[in-house]
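If you're wondering where the values come from, they're calculated on a predicted model, not measured in any experiment. Note that these values count all heavy atoms, side chains included, but never hydrogens, waters or copies made by symmetry. Letters A, B, ... mirror the listed sequences (proteins, then strands); counts begin at 1.
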Number of protein chains: 2
Amino acid sequence: MEALHLSNQLCFPFYAVSKEITKRYRPLLEPLHLTYPQYLVMLVLWETDQVSLKTIGKRLHLDSGTLTPLVNKLISQGYLEKARNPQDERQLVVQLTGEGRALQKQAESIPEQLAEVLGLNENEYFAYQRMLTDLSIKLGLTDDATC
Amino acid sequence: MEALHLSNQLCFPFYAVSKEITKRYRPLLEPLHLTYPQYLVMLVLWETDQVSLKTIGKRLHLDSGTLTPLVNKLISQGYLEKARNPQDERQLVVQLTGEGRALQKQAESIPEQLAEVLGLNENEYFAYQRMLTDLSIKLGLTDDATC
DNA sequence: TAAAATTAAATTGTGTACAACTTAATTATA
DNA sequence: TATAATTAAGTTGTACACAATTTAATTTTA
């Protein structure tokens with residue numbers, strides 16, 4: 001077996017599929033004026049409002065170099081606002097505006113629409129999800145059952 | 001089930017795992033002075049030398065906006081050189097230099113090293129590869145058995 | 001065969017990613 | 001408790017990724 005052939009790589013299909021998924025999100029997220037990473041930040045805040053940048057970064061595996069401009073964009077769009085944590089002025093606390101919270105309703109059908117555009121039925125969806133979550137745990141990206 | 005929870009997304013673990021894999025390639029590729037996308041271009045050329053930019057793009061699912069500067073970087077590093085196809089002057093033909101070809105030897109152990117840093121045994125490696133390749137075909141990224 | 005359509009690269013602009021560094025606030029420790 | 005170490009954001013620089021546009025070469029077609 002030719003280890004250096006593209007067809008024998010594990011990681012190339014990962015890279016290609018991941019980019020393709022992001023591409024298929026694009027038209028679904030466009031009406032919400034969100035990119036995929038911006039959508040991920042909104043998911044975190046819809047789940048728990050008022051979170052520090054650090055915490056968002058931990059959940060999404062993104063650092064401040066990526067998150068600072070991304071959150072600033074969401075603020076300029078009116079979806080988020082920021083404040084400092086009075087207990088620790090280093091921390092930036094990010095929270096939803098009314099508009100940001102309202103956006104959640106519009107986003108509700110996105111997971112379902114995505115499964116549709118990926119052409120996956122429920123069984124396939126959950127099989128892939130389980131496998132990816134297992135690998136995610138194996139790689140140390142997910143350290144507990146709640147994340 | 002809360003469809004908008006991060007933990008219930010299929011695509012987030014994909015995104016996170018894909019980024020993590022790229023991160024784990026970094027120290028393996030650093031001695032070769034290659035980034036992961038640059039390594040992919042080298043893989044294509046090690047497999048078949050003298051390929052047009054268009055063809056590289058088709059195999060890697062990348063467009064000229066990404067590939068033009070990337071190939072220029074590899075040229076400035078002395079790994080590649082470019083010429084025009086005399087039969088069709090629109091086409092840029094990319095080929096390996098002696099140095100670029102020599103690099104292949106140094107790269108030979110990378111797939112093995114990667115499986116190691118990912119902590120996957122042979123069975124797991126092939127199981128994930130099969131699943132990813134299936135999904136890749138399902139998404140229309142791979143249209144025949146040779147790619 | 002001249003004009004229109006298509007194609008391959010290159011270019012421009014926006015938005016991630018992330019390493020490395022800076023700044024300011026907090027915590028640990030001598 | 002003053003100093004050192006740590007921490008959270010922000011900044012800078014490099015490198016993708018891709019949409020949209022431009023330019024030049026080739027192919028179609030009227």
**Q** First locate atom CG of A/Leu132, then atom CG of B/Leu132, and finally report the distance between them rounded to the nearest 0.5 Å.
**A** 7.5 Å
**Q** Could you state the interatomic distance from CD (B/Gln77) to CG (B/Leu34), rounded to the nearest 0.5 Å?
**A** 6.5 Å
**Q** Hey, can you tell me if A/Tyr25 and A/Tyr39 have their rings parallel, tilted or perpendicular (30° and 60° cut-offs)?
**A** tilted
**Q** What's the CZ-C1' distance between A/Arg26 and D/dA19, to the nearest Å?
**A** 8 Å
**Q** Evaluate the criterion salt bridge (Lys or Arg N to Asp or Glu O under 4.0 Å) for residue pair B/Arg26 and B/Glu30; output intermediate values, then yes/no.
**A** CA-CA 6 Å; B/Arg26 227 183 301 277; B/Glu30 205 187 342; over 6 Å; no
**Q** Check whether B/Ser18 reaches the backbone of B/Tyr15 with its side chain - one donor and one acceptor, N or O, closer than 3.5 Å.
**A** no
**Q** With a 4.0 Å cut-off on heavy atoms, is B/Leu70 in touch with a base, just the backbone sugar-phosphate, or nothing at all?
**A** sugar-phosphate
**Q** Rounding to an integer number of Å, can you tell me how far A/Leu29 CG sits from D/dA19 C1'?
**A** 16 Å
**Q** Quickly work out the B/Lys19 NZ to D/dC16 P distance and round it to whole Å.
**A** 17 Å
**Q** How long is the gap from NE2 on B/His33 to CG on B/Leu74, to the nearest 0.5 Å?
**A** 12.5 Å
**Q** To the nearest Å, how far apart are B/Lys23 NZ and D/dA15 P?
**A** 18 Å
**Q** Could you state the CG-P distance from B/Asn85 to D/dT27, rounded to the nearest angstrom?
**A** 11 Å
**Q** Restricting to ring pair (Phe, Tyr, Trp, His ring centres under 6.0 Å), what partner residues turn up for A/Phe14, sequence neighbours left out?
**A** B/Phe14
**Q** Of all nucleotides in DNA chain C that come within under 4.0 Å of a heavy atom of chain A, which is furthest toward the 5' end and which toward the 3' end?
**A** C/dG15 to C/dT26
**Q** Are more than 12 heavy atoms, taken from residues, nucleotides or ligands other than A/Glu116, located less than 6.0 Å from that residue's CD atom?
**A** no
**Q** What is the separation between atom NE2 on B/His33 and atom C1' on D/dT14, rounded to the nearest whole Å?
**A** 16 Å
**Q** When you compare the protein's N or O atoms with those of nucleotides 4-11 of chain D, which come within less than 3.5 Å of each other, and at what distance?
**A**
unit_1: D/dT7; atom_1: O2; unit_2: A/Arg90; atom_2: NH1; d: 3.0
unit_1: D/dA8; atom_1: OP2; unit_2: A/Lys54; atom_2: NZ; d: 3.3
unit_1: D/dA9; atom_1: OP1; unit_2: A/Leu53; atom_2: N; d: 3.2
unit_1: D/dA9; atom_1: OP1; unit_2: A/Leu92; atom_2: N; d: 3.1
unit_1: D/dA9; atom_1: OP1; unit_2: A/Leu92; atom_2: O; d: 3.4
unit_1: D/dA9; atom_1: OP2; unit_2: A/Lys54; atom_2: N; d: 2.8
unit_1: D/dA9; atom_1: O3'; unit_2: A/Arg84; atom_2: NH2; d: 3.4
unit_1: D/dG10; atom_1: OP1; unit_2: A/Arg84; atom_2: NH2; d: 3.4
unit_1: D/dG10; atom_1: OP2; unit_2: A/Thr68; atom_2: OG1; d: 3.1
unit_1: D/dG10; atom_1: N7; unit_2: A/Ser64; atom_2: OG; d: 2.6

**Q** Taking for each residue the nucleotide of DNA chain C bearing the nearest heavy atom, is the 5' side occupied by A/Tyr36 or by A/Glu89?
**A** A/Tyr36
**Q** Any link between B/Val93 and B/Leu45 through a network of hydrophobic side chains (Ile, Leu, Val, Met, Phe, Trp, Tyr) touching at under 4.5 Å?
**A** no
**Q** If I take atom CD in residue B/Gln87 and atom P in nucleotide D/dT27, what distance separates them, rounded to the nearest angstrom?
**A** 11 Å
**Q** Mapping B/Lys73 and B/Leu62 onto DNA chain D by nearest heavy atom, which one lands closer to the 5' end?
**A** B/Lys73
